[in-house]
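Below, chains carry the letters A, B, ... as their sequence lines are ordered, and counting in each starts from 1.
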There are 2 protein chains.
Amino acid sequence: MLEENKINQYLQFFGLQPEELLSIFNLATEKVLAQDEVYIKEGGTSRKLAYIKKGLIRSFHLKENGDEVTVLLRWEDQFLASYDAIFFSQPSRFTYHAMEPTVILEADYASLMELLNANPKFSSAKDFFMNSMLAEMMERVESFVLLNPEERYLRLIKEKSDIVQRCPDKYIATLLGITPVSLSRIRKRLSSRAGH
Amino acid sequence: MLEENKINQYLQFFGLQPEELLSIFNLATEKVLAQDEVYIKEGGTSRKLAYIKKGLIRSFHLKENGDEVTVLLRWEDQFLASYDAIFFSQPSRFTYHAMEPTVILEADYASLMELLNANPKFSSAKDFFMNSMLAEMMERVESFVLLNPEERYLRLIKEKSDIVQRCPDKYIATLLGITPVSLSRIRKRLSSRAGH
DNA sequence: GTCATTAATTAACCTTTGTTAATTCAGCCT
DNA sequence: AGGCTGAATTAACAAAGGTTAATTAATGAC
């Protein structure tokens with residue numbers, strides 16, 4: 001289960017009764033992923049929604065030349081799903097793997113939506129999560145059209161420095177749309193500029 | 001009102017009764033935008049959701065140096081809102097303007113959500129639209145991490161050639177995260193490669 | 001038609017990135 | 001300690017993009 005303070009936070013935030021929150025958790029099963037364990041592999045069709053209690057999961061695409069490109073990172077208190085499976089009804093083009101020992105709560109996406117839609121009190125919670133995901137994706141699109149790679153990196157370490165520290169630079173680089181070599185040069189430029 | 005075939009399409013797709021669809025339309029008012037008319041200006045706080053019946057709307061950010069950067073394009077049968085106002089509850093950092101004579105149906109976002117949440121039959125329609133928006137944004141993020149500018153351009157003209165044709169290249173360029181000069185060079189490269 | 005305006009292209013130059021490969025660094029194992 | 005492994009950095013070069021400014025097209029006003 002979730003820590004008590006998290007639970008109370010949810011109950012208060014969405015105005016739910018404990019038993020209502022419980023009905024959601026009844027759909028979910030806990031899963032533990034070892035470090036480096038693959039959660040969804042390329043080609044997988046899992047239509048599950050996962051809530052990350054602890055840990056860090058990376059989704060990446062494997063290019064023909066063998067290079068990996070990080071598509072997204074998800075960590076504690078975030079939701080995760082194969083968006084190919086859920087939004088495009090197609091096998092996942094990406095592999096999702098745990099970068100740390102990770103604990104998730106997993107529920108069937110369709111069943112969960114059915115439950116959330118059945119009770120109007122859940123609707124605002126659902127809206128909240130859909131909206132946050134949408135907002136997050138929009139912010140990321142924005143960062144690509146408005147910022148150059150160096151600015152994207154600066155914004156990332158400013159806003160997610162804890163995550164950056166938990167993740168090798170080479171994965172951060174491709175998340176920003178650049179190569180690890182280029183990220184290394186950016187870091188060098190920045191440090192030489194900072195150290196006048 | 002919508003054309004009859006569109007209406008029937010919606011009724012069938014979501015299994016709604018005509019009067020149910022009507023209750024949604026009762027929230028909406030039609031607005032006509034002249035070519036180049038500003039719909040939402042930077043700093044605006046309109047919390048409306050618009051359905052574009054006809055036309056093309058561009059959202060752009062004005063940089064300090066006076067350059068405009070296209071953030072998104074929306075056209076007929078798509079939904080549009082100031083996402084700063086709705087998702088971030090802050091004044092819009094972007095200006096939305098009609099690139100063509102445009103007709104929209106506009107409804108207050110909160111009222112619409114309230115109505116959609118009140119009737120479970122609307123929920124799947126709402127999910128559908130939230131999911132499509134999310135999927136679209138995710139595809140765009142993907143195009144930035146997986147493709148280079150040339151590949152992004154090729155994908156865009158392949159999948160949205162009609163829209164590209166309705167929009168000056170300089171707006172397309174910044175939408176792809178590059179400058180108009182660079183897009184021109186890409187086009188030249190492509191045509192020289194195609195013409196053996 | 002000419003003029004004016006704006007988009008698109010081209011050129012020149014500089015900066016940045018991609019690519020490949022070599023080198024350094026750090027952690028870990030025995 | 002020494003040796004292994006993978007990450008990060010550095011180097012060298014080619015390819016691409018950013019910037020600025022000039023040139024050419026295209027469009028619309030008059």
Enquirer: Send over the distance from B:Q165 CD to C:dA7 C1', rounded to a whole Å.
Expert: 16 Å

Enquirer: Mind checking A:I186 for me? I need base, sugar-phosphate or nothing, with any heavy atom below 4.0 Å counting as a touch.
Expert: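 Result for A:I186 = sugar-phosphate.
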
Enquirer: Here's a test for you: under salt bridge (Lys or Arg N to Asp or Glu O under 4.0 Å), which of B:E76, B:E30, B:E106 qualifies with B:K53?
Expert: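 Exactly one pass, corresponding to B:E30.
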
Enquirer: Taking CG from B:L190 and P from D:dG17, how many angstroms apart are they, rounded to a whole number?
Expert: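 It is 10 Å, rounded to the nearest whole Å.
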
Enquirer: Please work out if A:L183 contacts a base, only the sugar-phosphate, or nothing of the nucleic acid, heavy-atom cut-off 4.0 Å.
Expert: nothing

Enquirer: Are B:R185 and D:dA16 close enough that a side-chain N or O sits under 4.0 Å from OP1 or OP2?
Expert: no

Enquirer: Take atom CG of A:N65 and atom P of C:dA21, then tell me their distance rounded to the nearest Å.
Expert: 13 Å

Enquirer: When you measure from the side chain of A:V181, which nucleotide among C:dA7, D:dA8, C:dA21 comes out closest?
Expert: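 Shortest atom-to-atom distance from the side chain points to C:dA21.
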
Enquirer: Roughly how many Å is it from CG in B:L147 to C1' in C:dG18, rounded to a whole number?
Expert: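 In whole Å, C:dG18 C1' and B:L147 CG are 15 Å from each other.
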
Enquirer: CD1 of B:I172 versus P of C:dT9: gap in Å, rounded?
Expert: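 Value for this atom pair: 13 Å.
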
Enquirer: Is B:T95 reaching over with its side chain to a backbone N or O of B:F60, donor-acceptor style, under 3.5 angstrom?
Expert: no

Enquirer: Please check the phosphate of D:dT10 (OP1 and OP2 only) for any side-chain N or O of A:K188 closer than 4.0 Å.
Expert: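 True: A:K188 side-chain N/O within range (under 4.0 Å) of D:dT10 OP1/OP2.
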
Enquirer: CZ of A:R187 versus C1' of C:dT24: gap in Å, rounded?
Expert: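 Result: 15 Å.
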
Enquirer: Tell me whether the OP1 or OP2 atom of D:dG18 has a side-chain N or O from B:S182 closer than 4.0 Å.
Expert: yes

Enquirer: Within the structure, does a side-chain N or O atom of A:R189 lie under 4.0 Å from either OP1 or OP2 of D:dT10?
Expert: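 No, A:R189 has no side-chain N/O under 4.0 Å of OP1/OP2 on D:dT10.
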
Enquirer: Does the distance from a Lys or Arg side-chain N to an Asp or Glu carboxylate O, for A:E37 and A:K31, drop under 4.0 Å?
Expert: no

Enquirer: Can you tell which of B:Y109, B:W75, B:F79 makes a ring-ring contact (aromatic ring centres under 6.0 Å, His included) with B:Y51?
Expert: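 Result: among B:Y109, B:W75, B:F79, B:F79 is the only option passing the ring-ring contact (aromatic ring centres under 6.0 Å, His included) with B:Y51.
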
Enquirer: Taking atom P of C:dT9 as reference, at what distance in whole Å does atom NZ of B:K170 sit?
Expert: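 Checked: the NZ to P distance equals 13 Å.
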
Enquirer: Would you mind reading off the distance between B:L176 atom CG and D:dG17 atom C1', rounded to a whole angstrom?
Expert: 14 Å

Enquirer: So if I take every side-chain heavy atom of A:S184 and compare against C:dT10, D:dT10, C:dG18, which nucleotide ends up nearest?
Expert: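 Minimum distance to the A:S184 side chain belongs to D:dT10.
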
Enquirer: Looking only at side-chain N and O atoms, does A:T179 come under 4.0 Å of OP1 or OP2 in C:dT17?
Expert: no

Enquirer: Students often get this wrong, so: under 4.0 angstrom with heavy atoms, is A:P180 touching a base, only sugar-phosphate, or nothing?
Expert: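 Nothing, no heavy atom under 4.0 Å.
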
Enquirer: Pairing donors with acceptors under 3.5 angstrom, does anything connect the side chains of A:R58 and A:T70?
Expert: yes

